[in-house]
Amino acid sequence: MAFKFPKTFFWGAASSATQAEGRQLGDGKGENIWDYASKEFNYRFYEGVTTEQTSLFYQDYHADIEKMQAISFNSFRTSISWSRLIPEGTGAVNPKAVTFYNEMIDDMLARGIEPFINLYHFDMPLVLQEKGGFENREVIEAYKEYAKTCFELFGDRVKYWFTFNEPMIPAEAGYLHDRHYPYVVDFKRAATVLHHIILAHCEAVKSYRELELEGKIGIIMDVIPVYPRSQNPADLYAAEMADLFYTKSVNDAILKGKYPEKLKEVLIEYDQLPEVKNADIALIAATKIDLLGINYYRPRRVKAKECVPNPQGVFSPEWFFDEYIMPGRRMNTSRGIEIYPKGIYDIAKKIQTEYNNIDWFVSENGIGIEGEEAFIENGMVQDDYRIEFLKEHLRYLHQAMAEGSNCLGYHMWTFVDCWSWGNAYKNRYGFYRMDLKTGEKTVKKSGLWFKELIEQHGFD
Ligand code: BG6
């Protein structure tokens, strides 16, 4: 076999509470920002689909977990919904949520599927957002309490914990680029949110260590590898700045225990530095994770800026670089992003050389396709493009592992087509197709291919 992976390798998929469970407010769930935004700003969501219609995991979870087993997953990541577990954000725990998550975890374990549990996938309880969300330090405390509650309730069985999915996104999309609620456009506020998310991560890791549970804790990051247009110093500078703002800012804080000096210098120069206390710096320096998840979808190609930014405009990382549209780049036109399988190898090498070769896994990778029903033949989506995508990425991952990268697993986004933040059900990513009218979930050709891959520990 040409591409053999270790027998212990984690194979499976990732999802998240808000995207999969369905809203089910009736069972004591409190509202989160997505329940609210998808109703109040409904026009921002593809075909107006709200969180109420997400993939019904809350009702179908036994059957869904059986479907995971049917394609031989040995692991699966989802998140706990903070607003389901603690409807008011702090205080009383919802007993129905405890029963649901307990049964979900027990069922996964009974079927040989290791639960990877994430605590926060973009879904701030609305009551806490009304207090300022992560802009408010009180919410760090609330998150700490929520994280501790999860560890105490489920930590006897869950051995792989993650504090956040893509910590940059709630800050960048919610406070700078107008994609996520609360749709604020203000760099300094975004930087404050990011800093507080990093502190919340540190507090959760600290609580986990204090409980002395037997398991690992880490974080899921979206590391977008940056490629300059050319070796011209102006292009190299653009790449350095894109990397500094979007990757090193979080990576260095989490993996090296400190923010990059250069970032601080730039933010002081532009008067954009958020409040960072000495105690924050000490906490960041003292926090170490056990396992890193990397979500990889696309590369970031940049070039030197062509126009001087509007000095009265909103400060942003884009003041330092322009996107580079590389001739001949291969696009996923549904999502408008480039497909570049070698990026996964480059990330692995970066982790190996710059971040101490820490244990990591691919926590998301996938291809979202619009209008996938066009590929249905004899009742099954014939998604050969997804199989090709998987093979191409896995070949590069295999190469990195052969060169010493400590990659422990690969999770595809996602198990069954799910709702997403704005795109709703436009782009389909699942190994199973979801029929939105009937709720029926049927395996795609890629799901069967993945099953064979897992069972054979590799592919040709
Ligand atoms: C990832 C997120 O970055 O992208 C997921 O962690 C999301 O939550 C996925 O669903 C795909 O995004 P989209 O908008 O293309 O469906």
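Sequential numbering from 1 along the given sequence is applied to the chain's residues. In listed order, ligands and their atoms are each counted from 1.
- The shortest contact between atom 1 (C) of ligand 1 and any protein heavy atom is with E364 OE1, 3.0 Å.
- When only interatomic distances are considered, the shortest N/O to N/O separation between Y429 and ligand 1 falls below 3.5 Å.
- In terms of protein heavy-atom proximity, atom 3 (O) of ligand 1 is closest to E166 OE2, 2.7 Å.
- Comparing R335, R179, Q19, R428 against atom 10 (O) of ligand 1, the shortest heavy-atom distance belongs to Q19.
- Proximity of the aromatic rings of Y385 and F375 is defined here by a centroid distance below 6.0 angstrom, and this criterion is met.
- Ligand 1 places these atoms under 4.0 Å from at least one heavy atom of N423: 13 (P), 14 (O), 15 (O).
- Taking the charged nitrogens against the carboxylate oxygens, R298 and E323 have no contact shorter than 4.0 Å, which rules out a salt bridge.
- Closest to atom 13 (P) of ligand 1 among all protein heavy atoms lies S420 OG, 3.4 Å.
- Judged purely by distance below 3.5 Å, without hydrogens or angles, the side chains of N94 and D27 never pair a donor atom with an acceptor atom.
- A donor atom on one side chain and an acceptor atom on the other are found under 3.5 Å apart for S405 and W360.
- When heavy-atom distances to ligand 1 are checked against a 4.0 Å cut-off, N165 comes that close only through its side chain, counted from C-beta outward.
- Using cut-offs of 30° and 60° for the angle between ring planes, the W11 and F450 rings count as perpendicular.
- With Y120 as the partner, the ring-ring contact (aromatic ring centres under 6.0 Å, His included) test is satisfied by one option alone out of F162, F164, Y146: F164.
- Only side-chain heavy atoms of H121 come within less than 4.0 Å of ligand 1; its backbone N, CA, C and O stay farther off.
- Among all non-hydrogen protein atoms, the one lying nearest atom 9 (C) of ligand 1 is Y297 OH, 3.7 Å.
- At a threshold of 4.0 Å, the pair E372-K444 counts as salt-bridged, since one of the basic side-chain nitrogens sits closer than that to a carboxylate oxygen.
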